[in-house]
Protein chains: 2
Amino acid sequence: MSDTERAPRRSDATRHAILVAARERFAAEGYDRATIRAIAKEARIDPSMVMRYYGSKEGLYAAALDVDLGMPDPAGLDPREVGRVLVSHFLDLWEENEVLSSLLRVGTTSQAGAERIQGVFRDQLIPLARQVCPEPEQAATRAALIASQVLGMALTRYVLRLPPAVALGREEIVAWLGPTIQRYLTAPRP
Amino acid sequence: MSDTERAPRRSDATRHAILVAARERFAAEGYDRATIRAIAKEARIDPSMVMRYYGSKEGLYAAALDVDLGMPDPAGLDPREVGRVLVSHFLDLWEENEVLSSLLRVGTTSQAGAERIQGVFRDQLIPLARQVCPEPEQAATRAALIASQVLGMALTRYVLRLPPAVALGREEIVAWLGPTIQRYLTAPRP
DNA sequence: ACCGTAGGCCAACACGTGTTGACATACAAG
DNA sequence: CTTGTATGTCAACACGTGTTGGCCTACGGT
């Protein structure tokens, strides 16, 4: 049951090109403004190919935006440094991976996008909070606080591009947000 | 030069209805998905009236989304309470006024929307930071940090609706975010 | 009572969209 | 070589959009 499919199709390159182009356009313009025609043009194929391989625009979106945050295992970390490590990890994520910008744009645009973010949050962030924070039953709340700060920085810096947020240096962000995250994660309930 | 126009036109009610409907639809669906036809239907008039009174969809958007945060004067406040007061003020703003949800949705959607948020940030948030924070030349940076946390909470709670963020009580949010804002505003640069 | 004008509706245009099916081509198996 | 199938292109459809101009209606000043 390991590899049921062992048929490397000749069209795999095209499929991949479509996905790359889709991530690019979705990230740059959001779900509505990113058109299948523009994606197809960027992938240098015909729009109908997108339909053939992914069924519909929604299907393409679903295929393009499967996101793995790759959260580090907090077990091996200095408990007092976990805030800074997390912020640093998120910055890496946002700067190397346009999938996240795309996800955020689409999340504010469509219900399907919002639900997808809820899924990532539930499956990848809450479990981490559950491991780290003192009272596991508060994990969801604390994860939400962390999400609010991290997504907020991503929003102002990478989507809205408020000039002072863009101007911030990487280590400045870590220094400012690290303690915040640390507190949301481990401080006693106020 | 006080009141150059003293002609209460008969159509003022319609104009107002259009604006109300526009804010409603923009807030609920963002710029692209909110159609002039839907706005007109909600205002119980013909789509062409929107064009007559506001010229274009962009014009309607500009008219519908002039936002005044009504930031309190920090001079009369306990300097140690300013963080909590600001968070509380923002919560009021978000819950009573759908203009802000609208603004956030549109800001992530279109360049024009992002620029509008930049304008609000520059004209209403930075000046406040300049009044409060110790070194006025850092006001922009600190205002950006505040924006990241406040907009992030608004995003997760009112737009993405992450369940734990929605479940948070008003006083919980103030208790968690207040100190964060306070630190971003007045703590020495880390 | 008259009539100019503002307020409002209707039908249509031009355009861009997602989507579809018919047709061409290149590849691999017999 | 022939044939079947995967890969790709082309043109078109049906629909919804922002936008426009013509037309009707009803108010308000004279």
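Per chain, numbering begins at 1; letters A, B, ... match sequence-line order.
- Counting only heavy atoms from C-beta outward, the side chains of A/R157 and A/I173 approach each other to under 4.5 Å.
- B/M49 has its CE atom 8 Å from the P atom of C/dG7, to the nearest Å.
- If you check every strand for non-hydrogen atoms under 4.0 Å, A/Y54 touches nothing.
- Between the P atom of C/dG7 and the CZ atom of B/R15 lies a distance of 7 Å, rounded to the nearest Å.
- Between A/Y31 and A/F26, the two ring planes are parallel [angle under 30°; tilted spans 30° to 60°].
- Atom CG of A/L86 is separated from atom CG of A/L177 by 11.5 Å, given to the nearest 0.5 angstrom.
- Looking only at side-chain heavy atoms (C-beta outward), B/V87 and B/T180 stay at 4.5 Å or farther from each other.
- Between the CD1 atom of A/I18 and the C1' atom of D/dT7 there is a distance of 11 Å, rounded to whole Å.
- Remark: P of C/dA6 and OH of B/Y53 are 11 Å apart, rounded to the nearest angstrom.
- Close to C/dG7, at under 4.0 Å from its OP1 or OP2, lies a side-chain N or O of B/S11.
- Electrostatic pairing of A/E29 and A/R105 does not count as a salt bridge here, judged by no charged N lying under 4.0 Å from a carboxylate O.
- A/R170 and A/S88 are linked by a side-chain donor-acceptor pair at a separation below 3.5 angstrom, with hydrogens and angles left out of the test.
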In B/S/- notation (B base, S sugar-phosphate only, - none; protein heavy atoms under 4.0 Å), nucleotides 14-25 of chain C written 5' to 3' is ---BBBBB----
